[in-house]
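Below: one structure, written as structure tokens.
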Amino acid sequence: MPKNKGKGGKNRKRGTNKNEAVKRELILKEDGQEYAQVTKMLGNGRIEAFCFDGTKRLATIRGKMRKKVWVNAGDIVLLGLRDFQDGKADVIAKYQADEARALVKGGHIPETTKINEDEEGAEDHIRFGEVSDEEEDSSSSDEGPRKPAAKQEESSDSDVDVDAI
């Protein structure tokens, strides 16, 4: 039997991210295309997107992007509009956070657009406020620790009444 000389199969290759460090050229919209923000994931490769021309469209993720480029709610995408159906479109490209900021800076999309920073650090956006002395005093009570409503009689381990508990 031949010896395995490789380092693994498709599951090992699936874990590597080859495109992360590559800086790609910014794709600008052409005639028949529009920038949009994903509002809802519908499943089966379909999304609901709010285009920056003011209309909501049902868009499908093209086959080249499926299972390779993950599109989430809040992402900025480039849609290819259909000539025969105004309410439907196709997702051509997904913009990374830095590319979306470049589009805002260039005036291609409105400045009021909320851009998802990064998927990995989504938990880092939780902010905790400082508690003032007044709030601490009002939250703690002078009663001490809470006691159960029904007082239990002290008894030894041998005569534990199950019904009394």
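- Without hydrogens or angle criteria, K94 side chain to W70 main chain gives a donor-acceptor distance under 3.5 Å.
- For the residue pair Q33 and L78, the shortest heavy atom distance occurs at OE1-CD2, 3.6 Å.
- When the side-chain contact (heavy atoms from CB on, under 4.5 Å) test is applied to L103, the partners found at least two apart in sequence or on another chain are L26, L28, Y35, Y95, H108, I109.
- With respect to the salt-bridge test (charged N to carboxylate O, under 4.0 angstrom), the residues E99 and R24 qualify.
- Around CG of D86, the count of heavy atoms belonging to other residues, nucleotides or ligands within 6.0 Å does not exceed 12.
- To the nearest 0.5 angstrom, L81 atom CG is 7.5 Å from T55 atom OG1.
- When all heavy atoms of E34 and F52 are compared, the closest pair comes out as OE2-C, 4.0 Å.
- For V91 against A59, the heavy-atom pair with the smallest separation is CG2-CB, 4.0 Å.
- Of all heavy-atom pairs spanning A73 and T39, the tightest one is CB-O, 4.0 Å.
- Using a 4.5 Å heavy-atom threshold, the side chains of V38 and E48 count as separate.
- Interatomic distance, CG of L58 versus CZ of R46, reported as 6.0 Å (0.5 Å rounding).
- Atom-to-atom distance recorded for R101:CZ and Q96:CD is 10.5 Å, nearest 0.5 angstrom.
- Residues C51 and L79 approach most closely at SG-CD1, 3.6 Å, considering heavy atoms.
- Partners of Q85 according to the side chain to side chain donor-acceptor pair (under 3.5 Å) rule, which considers only residues two or more places apart in sequence or in another chain, are R82.
- Taking each heavy atom of R57 and K88 in turn, the nearest pair found is CD-O, 4.5 Å.
- By the 4.5 Å heavy-atom criterion applied to side chains, I92 and V77 are not counted as neighbours.
- When the side chains of ILVMFWY residues are joined at heavy-atom separations under 4.5 Å, either directly or via intervening members, V104 and I27 end up in a single hydrophobic cluster.
- Salt bridge status for D90 with R62: absent, with no side-chain N to carboxylate O gap under 4.0 Å.
- The cluster map of Ile, Leu, Val, Met, Phe, Trp and Tyr, joined by side-chain heavy atoms under 4.5 Å apart, puts V71 and I115 in different clusters.
- With sequence neighbours excluded, no residue forms a salt bridge (Lys or Arg N to Asp or Glu O under 4.0 Å) with D83.
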